[in-house]
S.K.: 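After the structure tokens below, expect a handful of questions from me.
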Amino acid sequence: MQSRTRVIVLLVAVLVLGAVGTGAVLYASDRTAERDRTQAGGPAVNPGPVSLQVPPNGRQLLFRNMAWGPHRDEITTVPADHPDGPRTASGTQCLRFHAAAGTGICLQAQRGALEDTYRAVVLDDHLHERRSFPAAGIPTRSRVSPSGHLAAWTVFVSGDSYAGTDFSTRTSIVDVRDWNLRENLEDFTVIKDGHPYQAHDVNIWGVTFADDNTFYATVATSGQTHLARGDLAARTLTTLHDNVECPSLSPDGTRIAYKKRVPGLSPDAPWRLYVLDLATGTETATAEQRNIDDQALWSDDGTLLYALPGDYGADLWTVPADGSGAARLVTRAAVAPAYLG
Amino acid sequence: MYVADSRSSKAPVAPAVGPVRRGAALRSVPGAVLALGAVSMVTDISSEMVNAVLPLYLLTGLGLSPLGFGLLDGIQNGFSALVRLAGGHLADRRGRDGSARHKAVAAVGYGLSALCRPLLLFVHTVPLIGAVIAVDRTGKGLRTAPRDAMISLATEPAHRGRAFGVHRAMDTAGALLGPLTAFLVLRLAGGPMLADGGERHGYDAVFTVSACVAALGVLILLLFVPNRQNGVDPSTWAPSLRDGLTLLRLPGLRRLTLCAVLLGLTTVSDSFLYLLIQRRLGLSVNLFPLLPLGTAAAFLLLAVPLGSLADRIGRRRLFLLGHGVLLLAYGLLLSPLRGLPVVICVLVLHGSFYAATDGVLAAAAADTVPAEQRGAGLALVGTGQALARFACSLLFGALWSAVGGPTALAWSAGALALCVAGAAVVLRPSEAVATDVSEESA
């Protein structure tokens, strides 16, 4: 082949391949833009004031609205007894969210020139930013203590491995009264089976608060996950029970709902929703038979609320905590719920 | 301009020293090497695009649990190193016209990896994605040895260091451009980095663009890399598998492989080194992803000058000096010094280590193997080094959990110092090679 022919072949190929690549990017961009258009049959979403104070006119459910349209990803509120009703959108976008007693924690993405960065924002009762902290990766869990004094968040850190396929998590807790930040709970002393434990592969995620000093979280090491009770003042994490992920403490403080890795299930979808009685150590399987990858929320002492994958990202479902009944859809296109009141 | 004038002029003008030297320098990096460098650069843009988004994609795009994927990654890298041996041997075999099949084997390797990109559009589960990545690594394993053999065969022995330097610089440029391209595509395609709700369009755009770029790489190889290599005479014997096994009887290759394995066993893997930099030097977690970029930038800038230096002072000597530089980096990390300047120094030393050893080892190995067995010989050294590094990762990980990162690094530094000293003794009699090179270039 003449060198001129070769150059022409190359130029033609560059044009054709360039056109295919450009087409793919334009197509993707168009499909992405579609998410900003409201879809037919979806929930009504209207902008309006959203407060984190105890609502005077009945209990409220807050969550990140996943429905397509101009208010996608905003924190919205619905009456707790009409969760499928019209949504009031706050204008505040969060990937993960939780609130209690007038304090909100919102994990946000900030679009950068090349890369998105993430931050954890502590919100006041009018959803105004009080303080924000840089987060080292993709947000996954967030919780506020019942008093509203402590906020915790967990992110996936993907940069800990050059290969980029090995994941680890980072969990932080801040006291919103004095802004004392525990940036990485891995700095706490892990007490496993009664002895101080050290390993390079310790990962901690999914905090749930009992009070302003005691919390529970997942501690993972050497391929095992454990339920651990944390003590902020003593800076310790004491393991209590095995095979527990994303714990969630009941309002009365007696039980913990969690993801349990059930042997024999598909390695891609191994988790079922269980409830552990802290006093007796008894585990109860809920009636939810699907794979749960969420930190469940107690809507009261007997009922759990959690997200499952849905057509628009995620839907909220509910199931009794005692193993009875059946799973029931609460509302579509919603994730990261919190109750007020 | 001056060169062209002096050439076109029929007058017997005595050639000035300047233009002739410049001409020699240009000729020392043959078109085949530049073409192979372009292929590597384009292919690396394509593969690093995918590598940059794959973790995000698995996590946010598919919502899959990536547990065990790290281990899979390590196993596949080891597998790729073994496939390299097969690639080297196959490349040395002869086609119907008696010429070696370097280009054909390399084309199959690049082609296999290129085919994997569009496949990523259709596979959505971890086992299938693992399988696609395995095929991709097979392609990488197959093409590495024939590619390096082609670089060495296309270049005069005296300039091999520089030629490999040029190739590695172009390769690294691709590795730097790949993630940038991926993030640009995601940016233009909109949203998927923000939305953790299973929208795949942005990732599909990345995979499609990556496939197009990979196809371009294969095309450049087919169009612009010459088929027949210098030095491989069609009339000579074609090496059999048995000949491949006896390659280690070549004293030069045996010594070099031994040293590459010994030094590879004591070379702490990049990810551990970056973790240590971040933890010991108190670097913000947000800056962590920039660490590999720092190493790559130093590698990119120094690959050509250090390659040329290797041609002058001897490749084996520079290979050893490179490990000395790595030892300096370890020492700096272990020292009480802190702060950003120290981070930058460590990264520059780390990049210099790669610039002084990566292409230089291939150039040094090429000196020791006859042209007919170049592919298999280079594969042997490369595989030995890669497997040693894989073993070192496992050992270092275990050591880290047992005694902590800094102590593990101190042990590694001690072992590396011993191995450098040992390698200096083992490689010393080979000074004869440097003489060979200067004779050939004279």
Side-chain angles (χ1 to χ4, degrees), chain A residues 1 6-7 9-10 13-14 16-18 20-33 35 66 72-73 95 109 111 113-117 134 136-139 156-167 170 198-201 223 267-270 293 309-310 312-314 335, chain B residues 51-52 54-56 58-60 63-70 72-74 77 125-126 180 183-185 187-199 201-202 204-205 208-209 211-213 215-216 219-220 223-224 269-271 274-275 284-286 288-289 292 397 400-401 404-405:
Chain A
M1 210 188 289
R6 279 185 267 187
V7 171
V9 170
L10 183 71
V14 166
V16 171
L17 293 169
V20 172
T22 311
V25 173
L26 289 178
Y27 173 77
S29 162
D30 183 56
R31 296 297 297 262
T32 305
R35 289 178 297 175
M66 304 281 281
R72 193 168 50 90
D73 295 335
L95 297 173
R111 305 204 99 192
L114 281 174
E115 206 176 349
D116 289 328
T117 54
I138 302 158
F156 283 106
V157 183
S158 51
D160 271 6
S161 159
Y162 185 55
T165 43
D166 212 3
F167 289 90
R170 181 153 296 135
Q198 266 201 320
H200 74 293
D201 69 345
D268 290 336
D293 186 10
Y312 297 99
V335 75
Chain B
N51 285 344
L54 206 55
L56 266 173
L58 285 169
L59 199 72
T60 65
L64 293 173
S65 147
L67 286 174
F69 216 79
L72 196 68
D73 190 60
N77 273 330
T125 60
V126 165
L180 287 175
F183 286 121
L184 194 69
V185 168
R187 187 81 344 173
L188 293 172
M193 306 194 66
L194 284 177
D196 52 349
E199 289 121 300
H201 313 301
D204 284 351
T208 309
V209 172
C212 292
V213 175
L216 195 64
L219 195 68
I220 296 174
L223 287 177
F224 294 99
S269 86
D270 293 357
S271 43
Y274 297 138
L275 265 182
S284 152
V285 187
N286 293 328
F288 190 86
W400 183 318
S401 18

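Each chain gets a letter, A, B and so on, in the order the sequences are listed, and its residues count up from 1.
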S.K.: Starting at CG of B:D270, measure out to CG of B:L275 and round the result to the nearest 0.5 Å.
M.R.: 11.5 Å
S.K.: Using atom types as modelled and distance alone, determine if a side-chain donor or acceptor of A:T22 lies under 3.5 Å from a backbone N or O of A:G18.
M.R.: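 Between the backbone of A:G18 and the side chain of A:T22 there is a qualifying donor-acceptor contact (under 3.5 Å).
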S.K.: Could you tell me which of A:G223, A:A28, A:A24, A:P309 has the largest number of non-hydrogen atom pairs under 4.5 Å with chain B?
M.R.: A:A28
S.K.: B:V209, B:V213, B:D204, B:L216: which one forms the most heavy-atom pairs within less than 4.5 Å of chain A?
M.R.: B:L216
S.K.: Taking side-chain hydrogen bond (donor to acceptor under 3.5 Å, both in side chains) as the test, write out the residues that go with B:S269, two or more places apart.
M.R.: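 With neighbours one apart ignored, the set is B:S271.
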S.K.: Only counting residues at least two apart or in another chain, list the ones meeting side-chain hydrogen bond (donor to acceptor under 3.5 Å, both in side chains) with A:D30.
M.R.: none
S.K.: For B:L223, is it the side chain, the backbone, both or neither that has a heavy atom under 4.5 Å from a heavy atom of chain A?
M.R.: both
